[in-house]
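All values reported here derive from a predicted model rather than from experimental measurement.
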Amino acid sequence: MSVLKINPRNAVLLLFILVTAALRLLAFTGWGPLTVFTPIGAMALFGGAYFTGNVKPFAFPLLTLFVSDLVLSFTIYAPFRDGLLYTGWFWTYGAFALMTIAGKLIIRDITIKNVVIAVIVSTLIHWLVSDIGGCLIDNKFSLTVYTQRLITAIPYEWRFLSGTAIYSAILFGMFEWLQRRYTSLQTAH
């Protein structure tokens with residue numbers, strides 16, 4: 001009988017994403033100084049950068065986002081729920097998947113420069129994709145309406161950029177530090 005071996009690296013990476021999702025939920029309680037920032041961009045970049053293969057970089061962060069969205073959908077955002085989640089959730093998840101791809105492609109080497117570039121790219125992805133979705137859901141897609149939505153979203157996207165930058169610094173910094181301390185967390189070369 002074989003015993004299932006748990007990869008410590010994947011376990012720690014998943015734990016980081018789960019804790020970050022929990023912080024996302026706590027943000028809605030007004031707990032702590034990071035409550036005005038969303039960590040979802042950082043979760044996508046972190047998963048894309050560190051998980052290997054073609055499934056885990058998407059599956060773990062998306063599943064965690066889905067579970068936290070379910071909790072929010074049936075509690076705080078229950079009046080806005082449309083079915084299981086909120087209207088247009090698939091645009092958010094599409095943007096999230098694209099942010100994960102950005103993390104996978106841009107952050108092949110973990111450097112401050114690559115993380116900063118990925119944070120900016122992920123914010124642009126979120127901004128452009130989410131607002132296209134908003135226009136299509138309202139059946140009001142035109143260049144004028146889309147441009148107006150983009151302009152209206154600027155304050156939110158500044159917070160998204162800030163949250164992605166702050167949480168990315170924490171996630172990437174802590175995991176890089178842990179990898180240096182515990183060799184079992186390093187990838188096998």
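- Looking at residues two or more places apart in sequence or on another chain, you find no salt bridge (Lys or Arg N to Asp or Glu O under 4.0 Å) involving R181.
- In this structure, the side chain of W127 engages the main chain of L150 through a donor-acceptor pair within 3.5 Å.
- With sequence neighbours excluded, no residue forms a ring-ring contact (aromatic ring centres under 6.0 Å, His included) with F58.
- Counting heavy atoms from C-beta on, the side chains of L171 and S168 never come closer than 4.5 Å.
- Pairing each heavy atom of M43 with each of I17, the nearest pair is CE-CG2, 4.0 Å.
- Grouping the Ile, Leu, Val, Met, Phe, Trp and Tyr side chains by contacts below 4.5 angstrom, directly or via other members, places I110 with F51.
- In the hydrophobic clustering of this structure, V55 does not group with L45; members are Ile, Leu, Val, Met, Phe, Trp, Tyr whose side-chain heavy atoms approach within less than 4.5 Å, directly or through other members.
- Side-chain atoms of M174 and I170, non-hydrogen and from C-beta on, do get closer than 4.5 Å to each other.
- At a threshold of 4.5 Å between side-chain heavy atoms, the hydrophobic network of Ile, Leu, Val, Met, Phe, Trp and Tyr places V67 and F60 in two separate groups.
- The closest donor-acceptor contact from the side chain of S68 to the backbone of L65 lies under 3.5 Å.
- Of all the heavy atoms in V12 and F175, the pair that sits closest is CG1-CE1, 3.7 Å.
- In terms of the side chain to side chain contact (heavy atoms under 4.5 Å, CB included) criterion, residue partners of S184 (sequence neighbours excluded) are, by chain and number, P8, Y182.
- For T147, the side chain to side chain contact (heavy atoms under 4.5 Å, CB included) partners two or more places apart in sequence, or in a different chain, are L143, I151.
- Among residues at least two apart or in separate chains, salt bridge (charged side-chain N to carboxylate O under 4.0 Å, His left out) pairs with a member in residues 49-72 are R24-D69.
- Evaluation of the side chain to side chain donor-acceptor pair (under 3.5 Å) test over residues 169-180, restricted to residues two or more places apart or in two chains, returns R9-Q179, Y50-E176, E176-Q179, E176-R180.
- Residues passing the side chain to side chain contact (heavy atoms under 4.5 Å, CB included) test with L70 are F66, F74, L84, L85, sequence neighbours excluded.
- When hydrophobic clusters are built by joining Ile, Leu, Val, Met, Phe, Trp and Tyr residues whose side-chain heavy atoms come closer than 4.5 Å, directly or via intermediates, W158 is grouped together with Y167.
- Here CG of L18 is found 11.0 Å from CG of L23. Values are rounded to the nearest 0.5 Å.
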Tabulate below the donor-acceptor pairs under 3.5 Å that side-chain atoms of residues 95-105 make, not counting sequence neighbours, or state none.
residue: T100; atom: OG1; partner: F96; partner atom: O; Å: 3.0
residue: K104; atom: NZ; partner: G53; partner atom: O; Å: 2.7

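- For the ring-ring contact (aromatic ring centres under 6.0 Å, His included) test, residues two or more places apart in sequence or in another chain that qualify with Y156 are H126.
- For T183, the side chain to side chain contact (heavy atoms under 4.5 Å, CB included) partners two or more places apart in sequence, or in a different chain, are Q186.
- Both I132 and F90 are members of a single hydrophobic cluster when ILVMFWY side chains are connected at heavy-atom separations under 4.5 Å.
- The side chain to side chain donor-acceptor pair (under 3.5 Å) analysis of residues 12-23, with sequence neighbours excluded, yields no pairs.
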Please table the atom pairs, donor to acceptor, closer than 3.5 Å between any side-chain atom in residues 112-124 and protein atoms at least two apart or in another chain.
residue: N114; atom: ND2; partner: D109; partner atom: O; Å: 2.8
residue: N114; atom: ND2; partner: T111; partner atom: OG1; Å: 3.3
residue: S122; atom: OG; partner: A118; partner atom: O; Å: 3.2
residue: S122; atom: OG; partner: V119; partner atom: O; Å: 3.0
residue: T123; atom: OG1; partner: V119; partner atom: O; Å: 2.9

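- By the 4.5 Å heavy-atom criterion applied to side chains, F160 and I40 are counted as neighbours.
- S130 OG to R149 CZ: the interatomic distance, rounded to the nearest 0.5 Å, is 9.5 Å.
- Smallest separation of non-hydrogen atoms from T64 and A21: CG2-CB, 3.1 Å.
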